[in-house]
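The structure appears below as structure tokens.
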Amino acid sequence: MSLPSSSYIPSLDGLRGISILLVFVAHIGFEKIVPGGLGVTIFFFISGYLITSLLISEINNTGSIHFKLFFIRRLMRLYPPLLFMICLFYLYLFFTNQGINVYEVLASLFYYENYYFYYHPDPAHSSDICKVLWSLVVEEHFYLVFPALFWLIYKSPKALMTMLIVLLFVPLVFRLWGIMMYGSTGDITERYTYLLTHTRFDSIIYGCLASVLLHIYNSAVYVKIISNKWVFAAAALTIVACLVVRNGAFRNTIRYSIQGLSLLVVIPAVVNIPIYQNLRTLLSNRALVFVGKLSYSIYLTHMTAIGSLAFIRKNGHPLLFYVLVILLTAALSVFSYQFIEKPFAKLRTRYRAKERLTLA
């Protein structure tokens, strides 16, 4: 299956929209009934799928991966909204008369917040506002390593497939080691298996695997599997089942592997297979796509909104709290998207790799 002529896929933005809504609703107080963690796992899968597809496209068009340009684009994509979020965090601390933890700010700026929180879970050292950056750290660590590995063995599809399969098992081994060390349940176990890069990056690799199967292997077998409606339904139900099962050992080990395998069917099918056009159309509706486009800014700003307005809920006005959090998050994220993300997106176009010339 060839790469789409445009790197933009509206249905993926729709999936991002659903994912960020899951995260947002869970964080405002409904975490017991809304699977915010699944939203993050979907984000991971989409990141792996997109970045691998873009790397394949760049190699096909230019003959190489231009690492300097790649990292400049990543920096311009991620850092300006992050700096805006850090500024909001400073303002929040100033107006609430709280001290500034320089170590946590450094952990946020230099992408090791997940490990910082793992070792410093005490609220005196780790704020909920910065803690949410853990998933962005996992993705950034992936961006730092994967493109080079991909480029080294891109020309050998078998070696590439072997590498991806091995990488899928590495975090699972670490998670199994984690429950042997810390037990199958408990706060430290959850932090270890859920937050850390070396225990969670397989959720990204599943997305990479989907892109490789579709765009390098052009695997007719894979396309046939994800085109089967019964397989699709089974994968979707498996995702739901993973939310229902509450066993600690399962949730902290193979849950992410099973979710990854299920997403390996569901997301590529919805995005690429004609028989799922109705689902693709649903995910591509303008409202959901718009939320998806705002998803990075929403993710960065929503905890600031929640933290700054928490006193309203504590004073016995939960409905007012929900309404104001939604409005403030919307205002901050739209501002970030319109005045920070979009201008830098235009600037990023200057750093695209030039296509190689071919003789007719």
Side-chain angles (χ1 to χ4, degrees), residues 7 9 12-13 15-16 18-20 22-23 35-58 65 67 70-71 73-74 77-78 111-115 132-154 160-175 178 192-216 222 235 239 242 252-268 270-271 292 295-296 299:
S7 60
I9 305 171
L12 285 182
D13 261 338
L15 280 168
R16 281 195 181 110
I18 291 174
S19 299
I20 193 60
L22 288 174
V23 172
L38 176 61
V40 174
T41 301
I42 294 172
F43 272 124
F44 283 157
F45 186 97
I46 292 173
S47 292
Y49 181 83
L50 278 179
I51 208 69
T52 306
S53 298
L54 291 172
L55 291 174
I56 294 169
S57 180
E58 182 170 338
I65 297 174
F67 292 101
F70 173 84
F71 287 115
R73 293 194 303 270
R74 285 293 91 199
R77 169 73 178 97
L78 299 172
Y111 290 103
Y112 58 93
E113 174 65 31
N114 57 343
Y115 288 93
V132 76
L133 297 176
W134 74 269
S135 64
L136 304 180
V137 173
V138 174
E139 290 192 20
E140 186 60 24
H141 292 168
F142 166 81
Y143 294 142
L144 288 173
V145 176
F146 182 77
L149 291 176
F150 185 82
W151 169 241
L152 285 173
I153 58 175
Y154 170 81
L160 180 59
M161 184 64 69
T162 300
M163 180 192 75
L164 292 175
I165 292 173
V166 170
L167 289 176
L168 288 177
F169 280 97
V170 171
L172 176 59
V173 171
F174 276 118
R175 293 195 295 267
Y192 179 82
T193 61
Y194 184 67
L195 299 174
L196 302 184
T197 303
H198 64 280
T199 60
R200 286 306 309 274
F201 73 81
D202 55 332
S203 295
I204 304 177
I205 297 297
Y206 280 106
C208 303
L209 179 60
S211 181
V212 167
L213 287 170
L214 288 172
H215 305 314
I216 293 182
Y222 179 55
I239 293 172
C242 286
N252 288 312
T253 55
I254 62 171
R255 170 177 53 146
Y256 304 116
S257 301
I258 294 175
Q259 286 179 339
L261 287 169
S262 300
L263 293 175
L264 190 63
V265 173
V266 172
I267 292 180
V270 170
V271 171
S295 60
Y296 182 48
Y299 195 82

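Atom set for the values below is all heavy atoms of this structure, side chains included, hydrogens, waters and symmetry mates excluded.
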Mark yes or no for whether R200, through its side chain, and Y194, through its backbone, hold a donor-acceptor pair below 3.5 Å. yes

Can you name the closest pair of heavy atoms from S19 and G39 and give their distance? CB-O, 3.4 Å

Measure the spacing between CG of L50 and CD1 of I204 and express it to the nearest 0.5 Å. 12.0 Å

Measure the OG1-CZ distance between T41 and F43 for me, rounded to the nearest 0.5 Å. 11.0 Å

Within the supplied structure, the quantity of interest is the number of heavy atoms (other residues, nucleotides, ligands) at a distance under 6.0 Å from F169 CZ; does it exceed 12? no

So, for I239 and S262, which heavy atoms are closest and what is the spacing to 0.1 Å? CG1-CB, 3.4 Å

Check whether any side-chain heavy atom of L15 lies under 4.5 Å from a side-chain heavy atom of I267, and answer yes or no. yes

Does the side chain of L22 come within less than 4.5 Å of P35's, by heavy atoms? yes

Gap between atom OG1 of T197 and atom CG of L144 - 0.5 Å precision: 10.0 Å

May I ask you to decide if the ring planes of F146 and F142 are parallel, tilted or perpendicular, using 30° and 60° as cut-offs? parallel

To the nearest 0.5 Å, how far apart are CZ in R16 and CD1 in I18? 13.0 Å

Answer yes or no: is there a side-chain heavy-atom contact under 4.5 Å between I56 and F150? yes

Do F201 and V145 have side chains that approach each other closer than 4.5 Å (heavy atoms only, starting at C-beta)? no

Please work out whether the ring planes of F45 and Y49 are parallel, tilted or perpendicular, with thresholds of 30° and 60°. parallel

Show the nearest heavy-atom pair for residues E113 and W134, with the distance to one decimal. CG-N, 4.5 Å

Would L263 and I42 satisfy side-chain contact (heavy atoms from CB on, under 4.5 Å), going step by step from the backbone distance to the final call? CA-CA 8 Å; L263 293 175; I42 294 172; 4.3 Å; yes

All salt bridge (Lys or Arg N to Asp or Glu O under 4.0 Å) counterparts of R175, not counting sequence neighbours: D202

Would you check, one step at a time, whether the test side-chain contact (heavy atoms from CB on, under 4.5 Å) holds for Y206 with S257? CA-CA 9 Å; Y206 280 106; S257 301; 3.8 Å; yes

Basic-acidic side-chain contact under 4.0 Å: E58, R73: yes

Residue set satisfying side chain to side chain contact (heavy atoms under 4.5 Å, CB included) with L136, at least two apart, ordered chain then number -> L133, Y296, Y299, L300

So, does S295 use its side chain to make a donor-acceptor pair with the main chain of G292 at under 3.5 Å? yes

Do you know which two heavy atoms are closest between N114 and V138, and how far apart they sit? ND2-CG2, 3.8 Å

Check whether any side-chain heavy atom of L213 lies under 4.5 Å from a side-chain heavy atom of M161, and answer yes or no. yes

Minimum heavy-atom distance L209-L164, with the two atoms named: CA-CD1, 3.9 Å

Show your reasoning for whether side-chain contact (heavy atoms from CB on, under 4.5 Å) applies to Q259 and F44. CA-CA 11 Å; Q259 286 179 339; F44 283 157; over 6 Å; no

Let me confirm one number: the CG-CZ distance from L55 to F70, rounded to the nearest 0.5 Å. 5.5 Å

Determine whether a donor-acceptor pair (N or O, by modelled atom type, separation under 3.5 Å) exists between the side chain of T199 and the backbone of L195. no

Please check this pair: side chain of H141 against backbone of Y112, looking for a donor-acceptor N/O pair closer than 3.5 Å. no

is_close_aromatic(H198, Y192), centroid dist under 6.0 Å: yes

Regarding S53 and S211, is there a side-chain donor-to-acceptor distance under 3.5 Å anywhere? yes

Taking the side chain as everything from C-beta on, heavy atoms only, tell me whether V23 gets closer than 4.5 Å to V40. yes

Kindly compute the distance separating CG (L149) from CE (M163), expressed to the nearest 0.5 Å. 5.5 Å

